[in-house]
Amino acid sequence: MLKGLQVAIDGPASAGKSTVAKQVAKRFGYIYCDTGAMYRSVTLAALNQGIDVHNQAAVAALAQRIKIGFEPGEPEQRVFVDGKEVTAAIRSNEVNANVSAVAAIPAVREEMVAQQRQIAAAGGIVMDGRDIGTTVLPNAQVKIFLVASAHERARRRFEENQRKGIATTTLAELQAAIERRDKLDSERSVSPLTQAQDAIRLDSTHLSIAQVVDEISAIIKKSEAN
């Protein structure tokens, strides 16, 4: 018996996918599958076990050995590796500095996709990323492609940095970085950023987070009714 729908939210960097996905999941009582946290979990496990993150074979073998899980929590969802909570540990500076190398390993991505599909199999899941609707959950009942202008995404990131006391990057520099990221994500050979044919495109440039959550919630309710 499915516990709900599979909801895939894709889109470019800084479009607000994670923030929206978490709120949508909470509204419907769904699990939020934080795909980024999964790559961070592999990275943390590699660091803890003294595995070189550039040793692709060793990291891939590790990814196949560990089991990553999620549980609802306040103020944030809890993340577990082999039953041990790692919610805070995966956000460390050391993990930040090494997660890109781990996420770029094809065999690790393959294993994470397998685990993501396993987590989503029972339904009642919201997952965000860049290839969820096209690669990870191609049969998801609800697919959203969330976009916003590069300037607006840079503005949001700039204001977030200011709130956190991070003032090392100008708005123009942030916009240039986001545009470079868009180009790289769209042109990469493995699971490039692209809108699924059956995804609903939602432009959040002039919408608040609450309005985006309301829009997606209405789409989910319509799908549930069908």
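These numbers come from the heavy atoms of this one structure, side chains and all, not from hydrogens, waters or symmetry mates. All of these numbers come straight from a predicted model, not from anything done at the bench.
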Neighbour count above 12 (heavy atom, 6.0 Å) for Arg157 CZ:
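Incorrect, the count does not exceed 12.
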
Under 4.0 Å between a Lys/Arg side-chain N and an Asp/Glu carboxylate O for Arg156 and Glu152?
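Answer for the salt bridge query: yes.
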
Using 4.0 Å as the upper bound for N to carboxylate O, is an ion pair formed by Lys183 and Glu179?
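No salt bridge links Glu179 with Lys183.
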
Measuring from atom [atom1] of [X] to atom [atom2] of [Y], what distance do you get when rounded to the nearest 0.5 angstrom?
X: Ile9; Y: Lys143; atom1: CD1; atom2: NZ; value: 13.5 Å
X: Ile144; Y: Ser204; atom1: CD1; atom2: OG; value: 12.0 Å
X: Phe158; Y: Thr169; atom1: CZ; atom2: OG1; value: 9.0 Å
X: Gln116; Y: Leu137; atom1: CD; atom2: CG; value: 7.5 Å
X: Asp198; Y: Gln141; atom1: CG; atom2: CD; value: 11.0 Å
X: Asn98; Y: Asn93; atom1: CG; atom2: CG; value: 11.0 Å

Could you go through Leu202 and Leu207, starting from their C-alpha distance and side-chain angles, then the distance that decides it, and tell me whether this counts as side chain to side chain contact (heavy atoms under 4.5 Å, CB included)?
CA-CA 10 Å; Leu202 182 55; Leu207 299 176; 4.3 Å; yes

Could I get the full list of ring-ring contact (aromatic ring centres under 6.0 Å, His included) partners for Tyr32, not counting sequence neighbours?
none

ring-ring contact (aromatic ring centres under 6.0 Å, His included) partners for Phe70, two or more places apart
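Scan of Phe70 (ring-ring contact (aromatic ring centres under 6.0 Å, His included), adjacent residues dropped) gives none.
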
Closer than 3.5 angstrom, by distance alone: can the side chain of Arg117 be matched with the main-chain N or O of Val136 as a donor-acceptor pair?
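Confirmed, Arg117 side chain pairs with Val136 backbone.
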
Applying the 4.5 Å side-chain criterion to the ILVMFWY set and letting contacts propagate, would Leu171 and Ile178 be lumped into a single cluster?
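Different clusters.
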
Any chain of hydrophobic side-chain contacts (each under 4.5 Å) joining Val20 to Met127?
no

Tell me the salt bridge (charged side-chain N to carboxylate O under 4.0 Å, His left out) pairs involving residues 7-32, sequence neighbours left out?
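Sorted pair list: Lys26-Glu74, Arg27-Asp214.
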
Partner set under salt bridge (charged side-chain N to carboxylate O under 4.0 Å, His left out) for Arg40, not counting sequence neighbours
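Arg40 satisfies salt bridge (charged side-chain N to carboxylate O under 4.0 Å, His left out) with no residue once adjacent residues are dropped.
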
Given side chain to side chain contact (heavy atoms under 4.5 Å, CB included), test Met38 with Cys33 step by step and report yes or no.
CA-CA 9 Å; Met38 296 181 75; Cys33 183; 3.9 Å; yes

What I'd like to find out is whether the side chain of Arg153 reaches to under 4.5 Å of the side chain of Arg181, using heavy atoms alone.
no

Is there a side chain to side chain contact (heavy atoms under 4.5 Å, CB included) between Ile68 and Val42 once you walk through the steps?
CA-CA 9 Å; Ile68 302 166; Val42 177; 4.3 Å; yes

Can you give the donor-acceptor pairs under 3.5 Å from side chains of residues 104-113 to other protein atoms, not counting sequence neighbours?
unit_1	atom_1	unit_2	atom_2	d
Arg109	NH1	Ala103	O	3.0
Glu111	OE2	Gln115	NE2	3.3

If you look only at distance, which donor and acceptor atoms sit under 3.5 Å apart when one is on a side chain in residues 81-90 and the other is two or more places apart or in another chain?
unit_1	atom_1	unit_2	atom_2	d
Asp82	OD1	Lys67	N	2.9
Glu85	OE1	Arg78	NE	3.2
Glu85	OE1	Arg78	NH2	2.9
Glu85	OE2	Arg78	NE	3.4
Glu85	OE2	Thr87	OG1	2.8
Thr87	OG1	Val79	N	2.9

